[in-house]
Amino acid sequence: MVGKLLRSTAALALTLATIVPGALPAATPDPIPRRTEGVGPYNRVILRNVTYVDGTGAPAQGPVDIVLSGDRIAEIRTIGAPHAINDKARAAKGDYELDLTGYYVLPGFIDSHVHLHTLDDSQGVPSDYILKLWMINGITSVREVGSARPIEWLVDIKQRSARNEIVAPRIDVYPFFQSIRTTPVNDVVQARLAVDEAKKRGADGIKFIGAPEDVLFAAIEEAKKIGLPTAMHHAQPSVAYANVLTTSAHGLTSMEHWYGLPEAMFTDKTVQAWPNDFIANDEEMRFGESGRLWAQTAPPGSPKWEEVMQTLLDRHFVLDPTFVAYMTSRDVMRNMRAWWHDDYTMPALWDYYRPSRSNHGSYWFDWTTEDEVAWRKNYGLWMQFVNEYKNKGGTVTAGDDAGYIYNLYGFGYVQELELLREAGFSPLEVIHAATQQGAKLLGHEDQLGTIRVGRKADLVVVKGNPLANLKLLFPTGTLHLNDATGKTERVGGIAYTIKDGIIYDDAVLRKEVRDMVAKAKTDRGLPQGPMKIESVDFTR
């Protein structure tokens, strides 16, 4: 029972008070192959004729030649103005060069909320598949906020990535608090010891979902004391005593999603107005009612709204909204039929996404127009709070919580950037959230998140201007009418992802992922191309 529940973040969130928590046994490591892709690092790489966005919020600059040395940015040399390049100002010849005329270069993206699964998990997808999906979407750093596997399993992958033995982003490891030990953590003393133990075992932070009040607050305080950042999904079973005001008061670093925020702004109640027949373990009920929560809070601009916002700002609290994690709730058909599913979504994920009463996030057994309309209204208020928080100087990051609800790894991250834009962020503010703000959350702002001499050579290279159209970042690109031929074509897709000065041709990585998906379909006797929702297509 415990093993089954721990496969699902939501199931864990809903049962922490009643199950015996603990990590699953160590999985047989997925066969993540040794890296054969990518070129470099070289002593001297020249990225010529670059237009770049540095990640600080500053506008695009260029043309410049960017010089990489090993895993660092060594020089940013201005070579004139658009259409007026001074050849005499160019950087000297390099060991390896790319002419990036017409391309934009951005800092490597930081995904602040991910989960790395394995073949042994309920989704049944290999880790290598997920790691490469992240890379082809320009994600060079991730914050892994809870795996069903022991800390050491993730730390090993983190270290292999740091040595660039595998194709993978750099990884910060945040284990679930209640999964640190195989025995229950149910008192204050053990809570503090568990946090200390996690740090000794290699954790970079701690992820909370729920726990008894005294245990939760003691663990958050201990983490702050020993310098471990913390994240929390304020699950409904504990939100009556653990909303963003109470947890941030004890030192919580960031909130995930939005649970715990609207509950802090109630003025006519202390808990959400659940229907009397509500059962939290029924995900259709839970997600349906979640879409009706923001309407129960204090309205925008009201004293309570402003009080909560200012308190969080004063505490330097970080919002990691993961808008995309719930995007399907407001339009199931659109997300179910996203372009990339045909070629990039494993059939095992289709099994998992299909309407189901047991798989997390597969609550489409009777989803209604009323549910979708409620969620659209929910988004309006949620996005307004997040945008205002950013406007007042608060830190907002970009994370996607992919792997559930038709939210595909990596692709969901670019959707998250689009949703930040919808919330009111300018394109430059979107890139800022995805880069420098993410680095700040991880405590790596002196190494990552900006294009600056001395920083890590983690970069995203895209043909065209992603500030004008974020869809250029999707591996599937976007549609464009070629007036010269009169034909519609696909343009975009990140051209190169650079991590630690190693230049990955994303076209090569994209083909590797498509080949993985094609083979999985062939192995199951499924046709290539679009998958269907009806169960008959999954029983062959």
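For this chain, numbers begin at 1 and follow the sequence in order.
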Is it the case that atom [atom1] in [X] sees more than 12 heavy atoms from other parts of the structure closer than 6.0 Å?
X: R490; atom1: CZ; value: yes
X: K519; atom1: NZ; value: no
X: K521; atom1: NZ; value: yes

Residues [X] and [Y]: side-chain donor-acceptor under 3.5 angstrom:
X: D320; Y: H257; result: no
X: T488; Y: H480; result: no
X: Q310; Y: E306; result: no
X: K304; Y: T297; result: no

Do any N or O atoms from the side chain of [X] and from the backbone of [Y] form a donor-acceptor pair under 3.5 angstrom?
X: N137; Y: L133; answer: yes
X: D505; Y: A507; answer: yes
X: Y389; Y: L312; answer: yes
X: E97; Y: G94; answer: yes
X: S161; Y: A168; answer: yes
X: R455; Y: D446; answer: yes
X: Q528; Y: A518; answer: yes
X: R48; Y: D65; answer: no
X: S69; Y: R72; answer: no
X: T450; Y: R452; answer: no

Is the F208 to H233 ring centre distance short of 6.0 Å?
->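 No, ring centres 6.0 Å or more apart.
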Establish, yes or no, whether a centroid distance under 6.0 Å links the rings of F411 and H341.
-> no
If you measure from [atom1] on [X] to [atom2] on [Y], what distance do you get to the nearest 0.5 Å?
X: S112; Y: Q437; atom1: OG; atom2: CD; value: 9.5 Å
X: K440; Y: H444; atom1: NZ; atom2: NE2; value: 15.0 Å
X: T497; Y: W134; atom1: OG1; atom2: CH2; value: 14.0 Å
X: W375; Y: M327; atom1: CH2; atom2: CE; value: 12.5 Å
X: D54; Y: I451; atom1: CG; atom2: CD1; value: 7.0 Å
X: I139; Y: D400; atom1: CD1; atom2: CG; value: 6.0 Å

Taking it one step at a time, do R90 and N49 satisfy side-chain hydrogen bond (donor to acceptor under 3.5 Å, both in side chains)?
-> CA-CA 9 Å; R90 289 186 178 281; N49 306 328; 2.8 Å; yes
Min side-chain heavy-atom separation [X]-[Y] under 4.5 Å:
X: M336; Y: T328; result: no
X: F425; Y: V396; result: yes
X: M255; Y: M232; result: no
X: L116; Y: L154; result: yes

Work out which heavy atom in [X] is nearest to a heavy atom in [Y]; give both atom names and the distance.
X: L509; Y: I136; result: CB-CG2, 3.4 Å
X: A81; Y: P63; result: C-CD, 3.4 Å
X: P107; Y: V53; result: CD-O, 3.1 Å
X: G412; Y: N407; result: CA-OD1, 3.2 Å
X: G202; Y: I151; result: C-CG2, 4.4 Å
X: R77; Y: A91; result: CD-N, 3.3 Å

Between [Y] and [X], does any NZ, NE, NH1 or NH2 come within less than 4.0 Å of an OD or OE carboxylate oxygen?
X: K207; Y: E144; result: no
X: D204; Y: K158; result: yes
X: R421; Y: E429; result: no

Ring geometry between W350 and Y353 (parallel below 30°, tilted from 30 to 60°, perpendicular above 60°) | perpendicular
Are F474 and L470 close enough, and set up right, to give a side chain to side chain contact (heavy atoms under 4.5 Å, CB included), and what steps lead you there?
-> CA-CA 8 Å; F474 283 115; L470 290 168; over 6 Å; no
Test side-chain contact (heavy atoms from CB on, under 4.5 Å) applied to Y409 and L349, T345, V114, V513, the passing residue |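 Going through the options one by one, the only one that passes is L349.
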Yes or no on side-chain hydrogen bond (donor to acceptor under 3.5 Å, both in side chains) for Y344 and R514, after CA distance, side-chain angles and deciding distance?
-> CA-CA 6 Å; Y344 289 94; R514 291 196 304 270; 2.9 Å; yes
Begin from the C-alpha positions of V461 and I498 and carry the test side chain to side chain contact (heavy atoms under 4.5 Å, CB included) through to its verdict.
-> CA-CA 8 Å; V461 180; I498 303 175; 4.2 Å; yes
Side chain to side chain contact (heavy atoms under 4.5 Å, CB included) between S127 and T118: does it pass, once the steps are laid out?
-> CA-CA 5 Å; S127 300; T118 78; 3.8 Å; yes
Determine, stepwise, if the pair S254 / R143 fulfils side-chain hydrogen bond (donor to acceptor under 3.5 Å, both in side chains).
-> CA-CA 12 Å; S254 72; R143 184 177 62 150; 3.2 Å; yes
Please report the C-alpha distance between S248 and R315 in whole Å, then the side-chain angles of each, then the deciding distance to 0.1 Å, and finally whether the side-chain hydrogen bond (donor to acceptor under 3.5 Å, both in side chains) criterion is met.
-> CA-CA 7 Å; S248 63; R315 293 172 180 171; 2.8 Å; yes
Salt bridge (Lys or Arg N to Asp or Glu O under 4.0 Å) between E165 and R35, intermediate numbers included = CA-CA 5 Å; E165 295 174 358; R35 179 177 68 86; over 6 Å; no
Evaluate the criterion salt bridge (Lys or Arg N to Asp or Glu O under 4.0 Å) for residue pair E418 and K471; output intermediate values, then yes/no.
-> CA-CA 8 Å; E418 290 191 306; K471 293 185 186 301; 2.8 Å; yes
Check step by step if side chain to side chain contact (heavy atoms under 4.5 Å, CB included) holds for W258 and L293.
-> CA-CA 10 Å; W258 49 266; L293 176 54; 3.1 Å; yes
Let me see the working for W382 and F323 under ring pair (Phe, Tyr, Trp, His ring centres under 6.0 Å), right down to the final yes or no.
-> CA-CA 9 Å; W382 178 19; F323 289 126; 4.6 Å; yes
Option among K499, R510, K511, K132 that satisfies the salt bridge (charged side-chain N to carboxylate O under 4.0 Å, His left out) test with E37 |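 Of all the options given, the one that passes is K132.
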